[in-house]
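Just so it is clear, the structure is predicted and the values come from calculations on it, not from any experiment. When a ligand or atom number is given, it counts from 1 through the structure's own listing order. Scope of the values below: all heavy atoms of this structure, side chains included, with no hydrogens, waters or symmetry mates.
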Amino acid sequence: MEKTQETKADNGEVKVETKALNDGSLCGYDSLHSLLKANLKPELFQEVSRVLLGLNCGRAIDNIALPESECAKAVSSEHDFDLKAFCFHADKELLRAPRIVRVGLIQNSIVLPTTASFLDQKRAIYQKLKPIIEAAGASGVNILCLQEAWMMPFAFCTREKRWCEFAEPVDGESTQFLQDFALKYNMVIISPILERDINHGETIWNTAVIIGNHGNIIGKHRKNHIPRVGDFNESTYYIEGNTGHPVFETVYGKIAVNICYGRHHPLNWLAFGLNGAEIVFNPSATVGELSEPMWPIEARNAAIANSYFVGSINRVGTETFPNPFTSGDGKPQHADFGHFYGSSHFSAPDASCTPSLSRNRDGLLITDMDLNLCRQLKDKWGFRMTARYELYAELLAHYSKPDFEPQVISDPLLQKKSL
Ligand SMILES: NC(=O)NCCC(=O)O
């Protein structure tokens with residue numbers, strides 16, 4: 001990381017110097033948004049934001065001041081987490097009332113070093129999350145989603161099996177911890193955990209548990225696509241999920257969960273859309289060097305193509321492990337993944353998106369969204385109607401057979417030498 005600094009030489013020449021920073025910031029700014037805001041004239045910033053973040057119902061994304069959130073603000077200062085709140089509107093309809101839901105995303109770093117006792121590490125994460133979840137509840141959040149495998153360090157880079165100890169049944173300790181908040185705040189909570197399936201040979205899965213607003217367990221979804229990229233050696237621990245593409249009908253709307261690496265698979269996003277999702281959450285753990293340029297694009301594209309909202313959540317900070325490991329790329333061994341860059345945000349079906357949470361601080365993002373926007377965008381763009389699903393169903397049916405041959409028409413003059 002680098003921070004630029006302007007110095008004026010004796011001859012009046014302005015020299016721009018860069019200073020290395022190692023705090024997970026972008027040249028000293030906690031997000032791209034704040035970097036641009038601080039460095040562009042207001043009229044330029046407005047234009048850049050229009051293009052970068054899009055417009056919602058013809059205007060810039062609204063910030064919202066949540067009156068009931070005064071206490072959330074105090075809690076965010078006391079516990080040092082980023083708190084941001086926005087609103088996506090929809091057009092007024094004559095035959096349907098607005099369907100506004102308040103949705104929250106939490107991003108956080110781990111608390112204790114990964115050398116601490118597993119129990120202490122887990123309990124410390126609970127302690128850290130408690131005030132953030134309370135702030136979400138007190139702010140009237142209806143649906144809250146936590147980050148991928150929130151109840152443990154993201155230890156899958158190590159390939160060491162001892163981290164499996166963190167795995168819990170769907171109705172285990174972390175679910176019980178969250179059920180109390182769900183009940184207290186009438187809130188649906190999505191809890192991505194490392195799951196141990198006791199009834200099927202104690203196997204391990206990467207799973208999101210959906211807790212209903214009565215504190216009940218509505219169901220679970222297991223991560224569909226497991227990475228084998230860089231240090232993300234997750235297939236050492238668990239395999240591809242077997243729960244399909246469930247959409248959970250909650251009192252606040254139809255929701256689904258596309259866990260982390262699944263966001264690189266457009267058909268995965270599509271399947272949740274075909275099953276009727278209105279909000280798809282993407283709880284993630286990913287690092288700057290690997291995926292940061294992809295991060296805002298993939299979620300936003302999914303929201304546009306499938307006419308639903310997407311909530312993207314990423315971890316924060318650098319997690320260092322006791323024993324070094326390699327990435328299998330010939331580079332030196334190391335003991336961490338690199339920086340988890342936070343940057344949680346929402347994308348809307350009309351191509352607008354919120355500014356992101358901080359790149360290097362814990363955070364709570366609260367956003368109101370009128371779910372009527374989903375159908376309004378389907379009516380406007382007609383993506384479902386024009387999708388030609390039967391064409392692709394046929395291609396995929398052929399492609400998945402061993403005797404598939406690609407449809408390539410070669411130029412008969414391919415071998416002819418040019419004059
Ligand atoms: N957790 C996870 O699936 N990470 C993979 C890396 C990425 O998709 O950016």
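With ligand atoms numbered from 1 in the order given, ligand 1 contributes 3 (O), 8 (O) to contacts under 4.0 Å with heavy atoms of Tyr261. For ligand 1 and Ser291, the ligand atoms under 4.0 Å from any heavy atom of the residue are 9 (O). Each of the atoms 1 (N) of ligand 1 lies under 4.0 Å from some heavy atom of Phe154. The atoms of ligand 1 that sit less than 4.0 Å from any heavy atom of Ala285 are 1 (N), 2 (C), 4 (N). The distance from ligand 1 to the heavy atoms of His264 drops below 4.0 Å at these ligand atoms: 7 (C), 8 (O), 9 (O). Applying the 4.0 Å criterion to heavy atoms of Arg263 picks out, from ligand 1, the atoms 7 (C), 8 (O), 9 (O). If you number the atoms of ligand 1 from 1 as listed, the ones under 4.0 Å from a heavy atom of Glu148 come out as 1 (N), 2 (C).
Judged purely by distance below 3.5 Å, without hydrogens or angles, the side chains of Asp197 and His200 pair a donor atom with an acceptor atom. Side-chain contact check for Arg59 and His89: at least one donor-acceptor pair (N or O, by modelled atom type) lies under 3.5 Å. A donor-acceptor pair shorter than 3.5 Å can be found between the side chains of Asp231 and His334.
Among protein heavy atoms, the minimum distance from atom 2 (C) of ligand 1 is reached at Cys260 SG, 2.9 Å. Here the protein heavy atom with the shortest distance to atom 9 (O) of ligand 1 is Thr286 OG1, 2.6 Å. Among all non-hydrogen protein atoms, the one lying nearest atom 3 (O) of ligand 1 is Lys223 NZ, 2.8 Å.
Side chain of Glu168 to backbone of Ser174: a donor-acceptor contact under 3.5 angstrom is found.
Applying the ring-ring contact (aromatic ring centres under 6.0 Å, His included) test between Trp163 and each of Phe156, Tyr237, Phe118 identifies Phe118 as the sole match.
Between Val287, Asp231, Leu290, Ile259, it is Leu290 that holds the heavy atom closest to atom 6 (C) of ligand 1.
Heavy-atom separations between Glu234 and ligand 1 include at least one value shorter than 4.0 Å. Residue contacts with ligand 1: Ser284 is excluded, as none of its non-hydrogen atoms falls under 4.0 Å.
Considering backbone and side-chain N/O atoms, Pro227 never comes within less than 3.5 Å of an N/O atom of ligand 1.
In summary, Glu160 and Arg162 engage in a salt bridge, as defined by a charged side-chain N under 4.0 Å from a carboxylate O.
A ring-centre distance under 6.0 Å is found for Trp150 and Tyr126. For His221 and Phe272, the gap between ring centers is short of 6.0 Å. For Phe88 and Phe309, the ring centers sit closer than 6.0 Å to each other.
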